[in-house]
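All values below were derived from every heavy atom in this structure, side-chain atoms included, with hydrogens, water molecules and symmetry-related copies excluded. Indexing begins at 1, ligand by ligand and atom by atom, following the structure's order.
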Amino acid sequence: MTAPRRPRLVLLGTGGTIAGAGTAAEAGLSAAYRSAVVGAEALVAGVPALARLADLRAEQLLQIDSADFTDALLLRLARRVAELCARDDVDGVVITHGTDTLEESAYFLHLTVRSAKPIVLTGAMRPATALAADGPANLLHAVAVAAHPSSAGRGVLVVMNEEIHSARDVSKVHAARLDAFASPHGPLGLVAQGAPRWYRALTRPHTTGSAFDIGALDALPLVGVVASHGNMRAEIYDAWLALGARAIVHAGFGGGTVPEYLKAPLASLRARGVLLVRASRAAAGVLVRNANADDDAHGWVVTDDQNAPRARLLTALALTHTQDPLAVQQIFDCY
Ligand code: ASP
């Protein structure tokens, strides 16, 4: 009897803490290290058990701290993942990524890569040289999920700390703890005994069902985010307009509230063609259209349950189809 073929996966290295290392003097102090120094091949070599799960080929796409991701790099990542997924000799892709902006890259891939093959992102909260590094186990679990046939067609997945999250929902919610990632509606599943177990499925479109096509895009439309706080200044919104932003995500208080003193300046911005998208600075919650502001009268959009960083990306993709607030609203309600 011939042994079953191991799934052929590509590990795409992009940097981050999972590829981080401290000096000997710093070993064990997980806050003191440089990210993005260990290569993708070395990450694979560091976890021999990976070979049992998959035929894994390492490719170094980037070697950066994920804070340095730009829209141009996001487009590059999405194009490379799409190319790999289109190949007959690739069954899935695992991406190692810094945790700081992992949720943005994952969501962008979720909306733009037209493939049902498993695409799994993972990272680490501690560098490879820490006393109890979490990267090796996260990598093993990410590969176990990407190698498993049940992971296909679920959209882009984020595997951290034995949980499997949907790229639609997951956020980094803690700056240091190992359980730094959470989804407001819970993870889709868990990794147990080296295999995925699923408890939920996503109802919103993604990957093969997404309407967004980045094939012909040179750049993403510029969308700014303005965070709410006491004593805000209208000039910040004008600065985004001056930079060429076609939309601004307002990460408002609670239900996305816009202070009274900003309403006139924002109306003037709207009159100059800038779309205002109301999000919340709170960690979770649904924003209901026309509930705490007259969105119809202002020509504003609300983000449903999306946080501001993901709302920025969905707005940019929406702008490649339409500038009409009601059409953009439908996109938020759908995705
Ligand atoms: N501290 C970050 C991480 O967890 C660094 C980065 O995002 O690249 O990976």
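Among Asp296, Val277, Val302, the one residue that satisfies the side chain to side chain contact (heavy atoms under 4.5 Å, CB included) test with Gln329 is Val302. Asp91 pairs in a salt bridge (Lys or Arg N to Asp or Glu O under 4.0 Å) with only one of the listed residues (Arg57, Arg6, Arg8), which is Arg8.
No N or O atom of Thr101 sits closer than 3.5 Å to an N or O atom of ligand 1. For ligand 1, one of its N or O atoms has an N or O atom of Ser66 under 3.5 Å away. Below 3.5 Å of separation, one finds an N or O of Asp100 facing an N or O of ligand 1.
By the neighbour-count criterion of 12 heavy atoms within 6.0 Å, atom CG of Asp218 is sparsely surrounded, having that number or fewer from other residues, nucleotides or ligands. Annotation: Gln63, atom CD; neighbour count of heavy atoms from other residues, nucleotides and ligands within 6.0 Å is above 12.
The part of Tyr33 lying near ligand 1 is the side chain, judged by heavy-atom distances below 4.0 Å. Within the 4.0 Å heavy-atom criterion, neither part of Ala36 lies near ligand 1.
Closest to atom 4 (O) of ligand 1, if we only count protein heavy atoms, is Thr99 OG1, 2.3 Å.
Note: His97 and Phe69 have parallel aromatic rings, judged against thresholds of 30 and 60 degrees for the angle between ring planes.
For an aromatic pair to be called close, the ring centres must be under 6.0 Å apart, and Tyr335 with Tyr107 fails this.
Close approach of ligand 1 to Thr17 is summarised as follows: ligand atoms under 4.0 Å from at least one heavy atom of the residue are 1 (N), 2 (C), 3 (C), 4 (O), 5 (C), 9 (O).
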